[in-house]
Trainee: 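Mind looking over this structure? Questions follow.
Keep in mind that what you see is a predicted model, and the values were worked out from it rather than measured. The first residue in the sequence is number 1, and the count goes up from there. Counting convention: from 1, in listed order, for ligands and their atoms alike.
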Amino acid sequence: MRIEILGVGFDNITAEQAVSEGVRLMNTPGAHYAVTPNPEIVEVCRADPEAMEAVRNADLVLADGIGIIYGAKILGTPLKGRVTGIGFAQGLMAQMAQNGKSLFLLGAKPGVAEKAGERLRRQYPGLRIAGVHDGYFQEDGPVLEEIRASGADVVFVCLGAPKQEKWMRANGEASGARLLVGLGGCLDVFSGEVQRAPEVFQRLGLEWLHRLAKHPSRIGRMMKLPLFLLHTAGEKRRRK
Ligand code: UDP
């Protein structure tokens, strides 16, 4: 069942269930894709019908960010919990490593995906890195050909939102992969270029605060969070 927040339907599942569902999709013929919207992306979708369409059409819509959990609570339809994109990716890679599945890393600045691939290979023995490509390409065709030729089962698409969501919707089939996952800045973290927030921040749902302290220029983007909560409160009044 999906829980609607400002037009985006979120799957009401735990982090473990999300990984199981990812594994199921990875083993089901056809192309599938997963998205991990946070409040900022929900706000982007409200202003961009193509982005909304891409997010709504995903096979798996995971509630990434404490703001989404608050939003669901405000609306009186609480979600089971937060499912961070990075946690989902880690759970999926652990399963893939056990089953000899292969992963293509797409996105981030040149060199980052290679570095992420090397580190992930060491962290998940058994995981096959089918290929990598940076996220600053002009034409989709050659990149899709590369992914298809690599025979990857899964592609992590890290082009930032909403570019990655639109890209997966348009190109999932042509990639030949079973599952594509939109993961924003995850390759920067997997490569070691960007540090994830300390565990205590993660537990308290304060990763955004850590990010803001490290990159104060993100303040403009983060102001979307209060706006999101305001819009959610408005939605609650309308639903009464
Ligand atoms: N990026 C990319 N191609 C683009 C624009 C962005 O590969 O055309 C990458 C960028 O280098 C970064 C990621 O997409 O690695 C977006 O990171 P951000 O932290 O903005 O994403 P978030 O997780 O906040 O959605």
Trainee: Do ligand 1 and A161 have nitrogen or oxygen atoms that lie under 3.5 Å from each other?
Mentor: no
Trainee: Do the side chains of R24 and E21 get close enough for a salt bridge, i.e. N-O under 4.0 angstrom?
Mentor: yes
Trainee: As an exercise, identify every atom of ligand 1 less than 4.0 angstrom from a heavy atom of R218.
Mentor: 19 (O), 24 (O)
Trainee: Please work out, at 4.0 Å between heavy atoms, whether the side chain, the backbone, both, or neither of R211 comes within that distance of ligand 1.
Mentor: side chain
Trainee: Rounded to the nearest 0.5 Å, how far apart are CG of L187 and CD of E114?
Mentor: 10.5 Å
Trainee: Tell me: protein heavy atom nearest atom 16 (C) of ligand 1, and distance?
Mentor: G160 CA, 3.7 Å
Trainee: Under a plain distance cut-off of 3.5 Å, with no hydrogens placed, do H231 and E43 share a side-chain donor-acceptor pair?
Mentor: yes
Trainee: Would you check whether L187 reaches within less than 4.0 Å of ligand 1, judged by its heavy atoms?
Mentor: no
Trainee: Of all the non-hydrogen atoms in the protein, which one sits nearest to atom 13 (C) of ligand 1, and at what distance?
Mentor: G184 O, 3.6 Å
Trainee: May I ask you to list the atoms of ligand 1 that are less than 4.0 angstrom from any heavy atom of K163?
Mentor: 4 (C), 8 (O)
Trainee: Evaluate L183 for polar contact with ligand 1, using N/O atom pairs at a separation under 3.5 Å.
Mentor: no
Trainee: Below a 4.0 angstrom heavy-atom separation, can you tell me which part of C158, side chain or backbone, both or neither, approaches ligand 1?
Mentor: backbone
Trainee: Looking at atom 1 (N) of ligand 1, what's its closest protein heavy atom, distance included?
Mentor: Y136 OH, 3.2 Å
Trainee: Answer yes or no: is there an ion pair linking R56 with E4, defined by an N-O contact shorter than 4.0 Å?
Mentor: yes
Trainee: Charged N to carboxylate O below 4.0 Å: is that the case for K166 and D48?
Mentor: yes
Trainee: Of the protein's non-hydrogen atoms, which lies at the shortest distance from atom 5 (C) of ligand 1, and what is that distance?
Mentor: L159 O, 3.4 Å
Trainee: Could you list the donor-acceptor pairs under 3.5 angstrom formed by side chains in residues 131-147, with sequence neighbours left out?
Mentor:
residue : atom : partner : partner atom : Å
D134    : OD1  : Y136    : N            : 2.7
D140    : OD1  : W167    : NE1          : 3.0

Trainee: Should you measure from each heavy atom of G107, which atoms of ligand 1 turn up under 4.0 Å away?
Mentor: 7 (O)
Trainee: So is R221 close enough to ligand 1, meaning a heavy atom under 4.0 angstrom away?
Mentor: yes
Trainee: Rounded to the nearest 0.5 Å, what separation is found between the CG atom of L92 and the CG atom of L25?
Mentor: 9.5 Å
Trainee: Any nitrogen or oxygen of D188 lying under 3.5 Å from a nitrogen or oxygen in ligand 1? Just yes or no.
Mentor: yes
Trainee: From R221 CZ over to L212 CG, what is the distance, rounded to the nearest 0.5 angstrom?
Mentor: 11.5 Å
Trainee: At what distance is the nearest protein heavy atom to atom 7 (O) of ligand 1, and which residue and atom is it?
Mentor: A108 N, 2.9 Å
Trainee: If the threshold is 4.0 Å, N to carboxylate O, is there a salt bridge linking E235 and R239?
Mentor: yes
Trainee: Can you report which non-hydrogen protein atom sits closest to atom 22 (P) of ligand 1, along with the distance?
Mentor: G185 N, 3.8 Å
Trainee: Taking NZ, NE, NH1 and NH2 as the nitrogens, is one of them in R178 or D153 under 4.0 Å from a carboxylate oxygen of the other?
Mentor: no
Trainee: Can N27 and K101 be counted as having a side-chain donor-acceptor contact under 3.5 angstrom?
Mentor: yes
Trainee: Does any N/O atom on G135 come nearer than 3.5 Å to any N/O atom on ligand 1?
Mentor: yes
